[in-house]
2 protein chains.
Amino acid sequence: MHPFHSITDVERETGIARDTLRVWERRYGFPTPQRNQRGEREYGQDQVERLRLIKQLLDSGQRPGKLLPLNLPRLHQLAQQSHPQQSLDVDAEQLLNLLGTKDSCAVRHRLEQLLHQHGLRLFLTELVAPLNHAVGEAWFHGRLGVLEEHRYVEELRSLLTVAMQSLPSPRSGLRAVLTTLPGEQHGVGLLMASCMLALEGVEVLQLGVQTPLEEISRGAVENRCRLVGISCSSFPQRRTTTSQLVRLRTMLPKEIDLWAGGSGVTGLPAMPCGIRLFSDLQQIPAAVAILRSQTTAEKPTAGAVD
Amino acid sequence: MHPFHSITDVERETGIARDTLRVWERRYGFPTPQRNQRGEREYGQDQVERLRLIKQLLDSGQRPGKLLPLNLPRLHQLAQQSHPQQSLDVDAEQLLNLLGTKDSCAVRHRLEQLLHQHGLRLFLTELVAPLNHAVGEAWFHGRLGVLEEHRYVEELRSLLTVAMQSLPSPRSGLRAVLTTLPGEQHGVGLLMASCMLALEGVEVLQLGVQTPLEEISRGAVENRCRLVGISCSSFPQRRTTTSQLVRLRTMLPKEIDLWAGGSGVTGLPAMPCGIRLFSDLQQIPAAVAILRSQTTAEKPTAGAVD
DNA sequence: AATTTATTTTTGTCTAGGACAATATGCACC
DNA sequence: GGTGCATATTGTCCTAGACAAAAATAAATT
């Protein structure tokens with residue numbers, strides 16, 4: 001009926017905290033919501049759009065002081081500049097186009113085709129990883145909507161879930177807990193990492209998203225896991241990621257490795273200690289190999305741990 | 001290191017809004033966090049536990065005024081009373097026990113066994129639905145941890161995803177968009193509903209969780225869906241669910257049905273109009289049948305719509 | 001006695017403007 | 001070009017008050 005959004009709505013839709021929205025209004029004069037009878041803010045659709053765009057630009061490194069005074073055209077202009085169209089694999093490009101059409105089966109079929117053609121590992125590293133990024137960018141530029149993005153994610157999730165089921169039962173010996181931090185909602189990166197580890201013969205204990213740190217730690221210990229993997233997408237504040245990872249590190253026994261990867265860790269301010277950051281899925285096989293050689297080497301010489 | 005949580009942490013871990021935490025402190029004298037140098041609240045682990053329990057009791061219909069003055073033993077006592085152990089199917093009971101053990105494969109295998117034994121539909125309505133509830137309760141009573149719950153959810157998700165893939169391609173004619181409202185994070189109910197619809201030959205467009213209302217509407221229209229299904233789990237405020245559903249209803253063309261189901265809609269204060277609430281998965285087949293007969297009946301007599 | 005209607009209490013969310021530390025930026029200096 | 005320090009920017013937290021929606025209770029009606 002009335003196209004107005006409360007401050008809580010806007011917080012949910014843009015990912016910008018209520019306090020931040022209010023302080024922006026005070027400091028920069030934007031947004032400028034109307035007020036209802038009760039004196040509460042009512043954001044119009046246009047302001048929400050603009051805030052969404054601002055949020056995206058912020059996440060890509062821009063600063064609020066520059067961004068908030070700009071009008072919509074200038075913001076779009078900036079979006080163009082800061083995220084130039086990147087060249088893409090021909091397959092990825094094709095899929096991106098398919099996503100834009102109404103035909104959802106086509107996307108599914110093409111993904112399956114490519115999976116069988118290249119095998120799971122290459123499919124993940126060469127196609128899905130860049131495609132994920134490209135889908136995000138396409139949304140950023142307004143080429144795809146949230147709808148298309150969700151559809152893509154669901155197709156991929158389903159495809160990878162099925163693919164992982166049909167992998168041979170891992171030769172035990174190396175077990176891993178895989179999950180995301182509390183607050184993190186995106187599960188596709190997690191699934192991709194699970195696949196990569198499973199491909200290396202690691203027995204993966206997938207816990208889904210948003211596991212409390214205490215439970216991650218308990219799960220790793222109780223199941224005698226050698227390693228904990230955390231998938232991090234973009235987070236509201238990057239220092240949240242860091243502090244949570246550090247806290248998890250202190251909770252885990254030191255003989256359990258802690259790995260973190262995903263777009264949320266690239267450009268993270270260098271971990272203090274004992275946390276391995278992955279900027280790329282492709283680093284996983286080598287890391288697993290090293291871990292495996294370490295573990296088998298250590299096994300015979302028991303003890304020597306205080 | 002230091003076992004203290006900021007107010008944001010507590011908000012994330014308990015699902016209680018910051019403002020609410022502060023106002024409780026003011027009104028009821030609980031929680032009573034310490035303050036750090038800067039004067040900021042620091043909640044100890046015990047207070048967080050207590051708040052979690054309080055949140056659970058609130059969700060089950062208790063009132064803050066009664067709950068907040070109570071100490072921990074009394075809260076547990078109340079939890080026992082308000083959620084008496086229910087009798088369970090022998091299969092469900094067995095699975096609940098398996099979940100408590102470390103052996104994750106056993107859960108998986110037993111679920112698969114039962115799925116093949118009963119078929120997907122009975123598996124969902126007779127086993128999974130009550131088991132979901134039982135797992136929630138078991139967590140409530142401290143019998144299972146978050147870890148076990150997550151493991152269960154992931155196994156189920158994977159199992160149902162695979163099962164849905166192996167269903168025959170739906171005979172087209174009836175198409176549905178299925179998703180959850182913005183803010184809703186739980187996707188299992190969604191997957192179960194998708195399965196039920198797919199079993200009835202409905203072509204399901206799964207959009208995953210948290211789709212903005214505008215995008216739900218757009219997806220339904222663009223893909224010529226006859227119906228939109230929303231899966232609602234427990235929501236912070238129930239009126240949020242209502243208002244969002246009503247808003248979605250107004251956005252959708254009136255020839256598209258809107259269905260909502262899940263634990264979040266039971267006991268919801270009667271929808272104004274044009275929204276069908278499902279308290280049970282079993283109601284789905286009949287509703288689809290009716291819809292199908294309506295649609296085929298209407299098709300020939302085109303027009304008569306302003 | 002049961003059901004409807006009015007009144008009171010409870011409760012979550014919103015507001016304002018101030019404060020401060022953590023991060024980023026600009027600039028002199030090596 | 002890199003390094004250290006002063007300065008500016010920015011998100012989050014604070015207090016305390018206000019108010020409407022929901023729930024509980026009381027009152028009035030059938």
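Numbered from 1 within each chain, the chains take letters A, B, ... in sequence-line order.
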Within the distance-only criterion (no hydrogens, no angle test), does the side chain of B:E184 pair as donor or acceptor with the backbone N or O of B:S233 below 3.5 angstrom? yes
Taking B:R249 for its side chain and B:I275 for its backbone only, find out whether a donor-acceptor pair lies under 3.5 Å.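 No; judged by distance alone, with no hydrogens or angles, the pair does not exist.
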Just call it for A:R22: base, sugar-phosphate, or nothing, with non-hydrogen atoms closer than 4.0 Å on any strand. base
Check B:E25 with B:R35, please: is the shortest side-chain N to carboxylate O separation under 4.0 Å?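 Looking at B:E25 together with B:R35, the answer is yes, because their closest N to O distance falls below 4.0 Å.
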Minimum-distance nucleotide (side-chain atoms of A:P64 versus D:dT15, D:dT10, C:dA16):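 Of the candidates, D:dT10 comes closest.
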Using five pairs at either end of the helix from C:dA1-D:dT30 to C:dC30-D:dG1, determine the angle between the two local helix axes and round it to 10 degrees. 30°
The salt bridge (charged side-chain N to carboxylate O under 4.0 Å, His left out) partners of B:D19 (sequence neighbours excluded) come to B:R22
Could you work out, with salt bridge (charged side-chain N to carboxylate O under 4.0 Å, His left out) as the rule, every residue matching B:E40, not counting sequence neighbours?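 Listed in chain order: B:R38.
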Value rounded to 0.5 Å, distance of CD1 in A:I284 from CD in A:Q282: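 With rounding to 0.5 Å, CD1 (A:I284) is 10.0 Å from CD (A:Q282).
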Using atom types as modelled, flag every donor-acceptor pair under 3.5 Å from a side chain in residues 44-51 of chain A to any protein atom, sequence neighbours excluded.
unit_1 : atom_1 : unit_2 : atom_2 : d
A:Q45  : OE1    : A:H5   : NE2    : 2.8
A:Q45  : NE2    : A:E49  : OE2    : 3.3
A:Q47  : OE1    : A:T32  : N      : 3.0
A:Q47  : NE2    : A:T32  : OG1    : 3.0
A:R50  : NE     : A:L70  : O      : 3.3
A:R50  : NH2    : A:L68  : O      : 3.4
A:R50  : NH2    : A:L70  : O      : 2.8

Do any N or O atoms of the protein come closer than 3.5 Å to N or O atoms of nucleotides 19-22 of chain C, and which pairs are they?
none

Send over the distance from [X] [atom1] to [N] [atom2], rounded to a whole Å.
X     : N      : atom1 : atom2 : result
A:D59 : D:dT10 : CG    : C1'   : 15 Å
B:W24 : D:dT15 : CH2   : C1'   : 20 Å
A:R12 : C:dC14 : CZ    : P     : 10 Å
B:D19 : D:dG17 : CG    : P     : 15 Å

Distance below 4.0 Å between B:S6 side-chain N/O and D:dT12 OP1 or OP2: no
Phosphate OP1/OP2 of C:dA16: any A:R18 side-chain N/O under 4.0 Å: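 So the side chain of A:R18 is outside the cut-off, no N or O lying under 4.0 Å from OP1 or OP2 of C:dA16.
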Over 12 non-hydrogen atoms of neighbours within 6.0 angstrom of CD in A:Q185: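 Yes, enclosed.
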Considering residues at least two apart in sequence or located in another chain, which fulfil the side-chain hydrogen bond (donor to acceptor under 3.5 Å, both in side chains) criterion with A:S60?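 A:S60 satisfies side-chain hydrogen bond (donor to acceptor under 3.5 Å, both in side chains) with A:H83 once adjacent residues are dropped.
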